[in-house]
Amino acid sequence: MVSLNHYLLVSGLLFSIGLVGVVVRRNILTIYMCLEMMLSAANLTLVAFSRFRLTEGLPDYNAQVLVFFTITVAAAEVAVGLAIIVALFRARQSVSVGAVEKLKG
Amino acid sequence: MPAFLFYFFSFLTLFFGVLVVVLRNPVASALSLVVSFVGLAALFISLDAYFIGTIQILVYAGAVMVLFLFIIMLLDIKAEESAKVNAPAVIGGLMLALIFIVQLSLVLGEHELGKKTIADVPLQYEAAAQKELVTTIKTDLENKSLPDAKLVGKALFSRYPFQIQLIGGLLLVGTIGVVILSKREVN
């Protein structure tokens, strides 16, 4: 049967896929998608714990409210981040992280 | 939810998650991410979080990914021409993920509380209905259905009224920021 550990493992795997994507890929847009994936993986952990820790016979809705806030912040972050990517593309004509190396030591 | 559905949707989520990282074309990556998020929403629904599952599809698979596709279209990005991967980053990333997964498996192996299944913690509708003060939620609970959206709304507006206004402020600031960032400078 499916237990809490199964959900936590799926969440961890999804998080590490996102982590590999952020480290490996050179395209800023793909890196951004992988960041979204990592946020969603964290959300899965929260929802799983919410369901398995019943408070007064119902799922713990504080966790689900936190997930709601995470999704909202992620949406705002995507909007601002994509605007920055567009500005970057106008300045550099590229979406590769290799094009931005002013801070390179 | 039957166990095979859990495995199916987990596979869907993880497989298309891998495709996001592996595929070279950003449009293909974005579409894979949509499928991955739909699988994840199904997992949320399997955990009785219907509201979160729905907004996962609406906000992520709908709004956010469409925004991504629009930006890809506007910037007219071609797939990375050469498939040159830089080896140190690939090895480092995979090692990092491997270490994380090994650690997580070790922790989960000894996590006795996590071995309980959903059937072990059934929702107690009667007990919850007796303590419930809001009448619509109470009748729903008495009819053995989980009024998920109502309960999230109740928690949101009774326990976190300040935070939800903060989120509203954040979205406003985000909107203004995007407008200013994407405005072309007048010469």
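Below, chains carry the letters A, B, ... as their sequence lines are ordered, and counting in each starts from 1.
- B/V59 touches chain A through its side chain: at least one heavy atom from C-beta onward sits under 4.5 Å away, while N, CA, C and O do not.
- Residue contact with chain B, scored on non-hydrogen atoms closer than 4.5 Å, involves the side chain of A/L19 exclusively.
- Proximity to chain A (any heavy atom under 4.5 Å) is restricted, for B/I167, to the side chain, taken from C-beta onward.
- Neither the backbone nor the side chain of B/A129 comes within contact range of chain A; no heavy atoms are under 4.5 Å apart.
- Residues of residues 145-159 of chain B lying under 4.5 angstrom from chain A, judged on non-hydrogen atoms, are B/L146, B/D148, B/L151, B/V152, B/A155, B/L156, B/R159 by number.
- Residues of residues 131-144 of chain B lying within less than 4.5 angstrom of chain A, judged on heavy atoms, are B/K131, B/L141 in numerical order.
- Neither the backbone nor the side chain of B/F70 comes within less than 4.5 Å of any heavy atom of chain A.
- Most heavy-atom pairs under 4.5 Å with chain B, from the set A/V22, A/L8, A/I31, A/I85: that is A/L8.
- Both the backbone and the side chain of B/L123 come within contact range of chain A, with heavy atoms under 4.5 Å apart.
- Looking at B/I71, the atoms closer than 4.5 Å to chain A (heavy atoms on both sides) all sit in the side chain, from C-beta outward.
- Interface residue B/Q163: backbone and side-chain heavy atoms are both found under 4.5 Å from chain A.
- Heavy atoms of B/P88 lying under 4.5 Å from chain A are absent altogether.
- Taking the six-membered ring for Trp and thresholds of 30 and 60 degrees, B/F100 and A/F15 have ring planes inclined between 30 and 60 degrees apart.
- Atom-to-atom distance recorded for B/I99:CD1 and A/S16:OG is 12.0 Å, nearest 0.5 angstrom.
- Contact annotation for residues 47-61 of chain A against chain B (heavy-atom separation below 4.5 Å, listed by residue number): A/V47, A/A48, A/R51, A/F52, A/L54, A/E56, A/G57, A/L58, A/P59, A/Y61.
- Of all residues spanning residues 10-18 of chain B, those with a heavy atom less than 4.5 Å away from chain A's heavy atoms are B/S10, B/T13, B/L14, B/G17, B/V18, arranged by number.
- Comparing B/G92, B/G177, B/A89 by heavy-atom pairs within less than 4.5 Å of chain A, the highest count is held by B/A89.
- Two residues are said to be in side-chain contact when any heavy atoms from C-beta on lie closer than 4.5 Å; B/F44 and A/N43 meet this criterion.
- For B/L108, the parts lying near chain A are the backbone and the side chain together; criterion is any non-hydrogen pair under 4.5 Å.
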